[in-house]
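Right, one structure below, let's go through it.
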Amino acid sequence: MTVMPDKKTEYEESATSWRELDPEEVKKGIMAKYPPKVARKRSKHFVVNKKKDEQSYEPIQANVRTIPGIISQRGCCYAGCKGVVMGPTRDIINLTHGPIGCGFYSWLTRRNQTDPSTTPDGHNFMTYCFSTDIEDKEVIFGGEKKLKQAIQEAFDIFKPKMISVFSTCPIGLIGDDIHSVTREMQEKLGITIFGFSCEGYKGVSQSAGHHVANNGLFMHVIGQDDTVQEGEYKVNLLGEYNIGGDEFIIDELFEKCGIKIISTFSGNSSVDHFRNSHTADLNLIMCHRSINYVADMMEEKYGIPWMKINFLGAKSTAASLRKIAQYYGDQKLIDRVEEVIAEEMVDVEKAQADVQTRLKGKLAMMFVGGSRAHHYQELFNEMGMQTIAAGYEFAHRDDYEGRHVLPSITVDADSRNIEELDVEKDPTRYNPRIPEDEMEQEERHGIKLKTYDGMMPDMEENFTYSIDDISQYETEKMIEIYKPAIFCAGIKEKYMVQKHGMPMKQLHSYDSGGPYAVFKGAINFYYEIDRMINSKVWGHIRAPWEENPELAAMYANE
Ligand code: CFM
């Protein structure tokens, strides 16, 4: 039975009293309810952030199978491939080969926005749901014929530049060869058509689907158009999906600074941008988890270096802009970036000072995907709030502890299932953008390339938690014990959290809000959280079990 906290006053009190709790004891108490084998496993995913030595943190277990029976936040491989990486591109027809439910439930549920007016043909297929709608007949006799028909039909109606096909669980189980079908249809129709073996059961989460999608883009799309575009500082933005319009305002800010985006993977994107992306000078990685594979492969094949940036939080935005300017080392760009930062920070600082009067010292928890649980802490810090616990659904150890742990990550049966491409220098297009010795040293003008330190170093030691693939039970316990002022996760968690009488902000879809990126988005976010936390409505919520803790029921026929 959930023990309900005494509303707001208790939350406010908890903002100062949580330091008296011993986090190791809290963890022990939570684990004690599990059967011993489950407790042993979950303990490795539930860690108190602590340094092991100068460079490294106490390790966390991640990217392994969820224990059967546990209510997890995770999604599937198909979701990561079709929904996350490929979904936000407006002029690709993304065709789900599978039962209608897979297509339907991945249709427009992620708020990735797009602006078709910027591509000449104005194509936007994102509002459609394309599916082969396989049924029992195809499961028994095979679905390849239906797939061919569906590709033909989509081509006849929409005349797209590219069609990609996504395998769902039953397709993998019945053994349809989507790749031979797409090859045949590509030859017949003369446009780019290829398939993704992203069956939902592959790997342990969405993360497998990101990797499959990255491989497909790299093999079939990137590098097909060598047109050199105008612009002095040309970059690709990797791992930015334009949720709630974030990419729009990043683009606007870049334009102000004189930086040109060749391609965004894949928010507000077009297949034409992807094809041309190998002509950029530099890859900027926003979400490391979903797309670091593309960055690594583009470096090897085309000689384009990459660096990690973050445009969530005003401080991180300023630091990221400075990093880009420093990388180029061009005084004109350095000065311009400083001017823009100074201009934007006036309103940001005003907003920070204002919301801090109401939010300082309050606690937040966030459990999201594979990147946002780190990035959004910046915004909460700027409001004077403290993130007490954070975690990912499907990130890998490097997203928690930093990329230096990569060599120590063991490959298991699930990760071995995902193809690793053999990448070589392109015979004509390889062109190292910086001297090769700097590429090897992974440093340019004092700016570190190819590194990501992960989430742990940005969380307070000994008091805060990193919790991987958190379960519903652990979520409820953490809420009861710490009574955070706000909890951030996704739609599956939203109503459970609200029933505890506390505000819940969706950090996947932003509910109906956004954009939250760069300086303007930061101000938006501060006021959104301020409004949610200081709303009086939470004090009025009484869950039914508070009055009647014993729930009784009877059979209808009694
Ligand atoms: Fe990257 Fe994302 Fe995320 Fe992600 Fe996602 Fe998302 Fe996410 Mo939802 S690509 S890892 S698979 S930042 S859809 S835009 S919000 S879980 S934290």
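This one's a predicted model, so the numbers in the text were calculated from it and none came from an experiment. Note that ligands are numbered from 1 as they come in the structure, with each ligand's atoms numbered from 1 the same way. Numbering of residues begins at 1 and proceeds along the displayed sequence.
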Item to complete: Answer side chain, backbone, both or neither: which part of Ser371 comes under 4.0 Å from ligand 1, heavy atoms only.
Response: both
Worksheet item: Who passes salt bridge (Lys or Arg N to Asp or Glu O under 4.0 Å) against Glu528, sequence neighbours left out?
Response: Lys505, Arg531
Discussion item. Quick check on side chain to side chain donor-acceptor pair (under 3.5 Å): which of Thr127, Asn124, Thr118 does Arg90 satisfy it with?
Written reply: Thr118
Fill in: With sequence neighbours excluded, residues passing side-chain contact (heavy atoms from CB on, under 4.5 Å) with Asn276
Asp225, Thr227, Gln229, Ile262, Thr279
Item to complete: Kindly say whether the aromatic ring centers of Tyr482 and Tyr465 come within a distance under 6.0 Å.
Response: yes
Item to complete: Assert yes or no for the condition that the ring centre distance of Phe196 to His179 is strictly below 6.0 Å.
Response: no
May I ask you to list the atoms of ligand 1 that are less than 4.0 angstrom from any heavy atom of [X]?
{"X": "His508", "result": "7 (Fe), 8 (Mo), 15 (S), 16 (S)"}
{"X": "Phe394", "result": "4 (Fe), 10 (S), 11 (S), 16 (S)"}
{"X": "Cys287", "result": "1 (Fe), 9 (S), 10 (S), 12 (S)"}
{"X": "Gly369", "result": "7 (Fe), 16 (S), 17 (S)"}
{"X": "His210", "result": "11 (S)"}

Worksheet entry | ligand 1 contacted by Gln206 (non-hydrogen, < 4.0 Å) | no
Worksheet entry | Any Tyr392 heavy atom less than 4.0 Å to ligand 1 | no
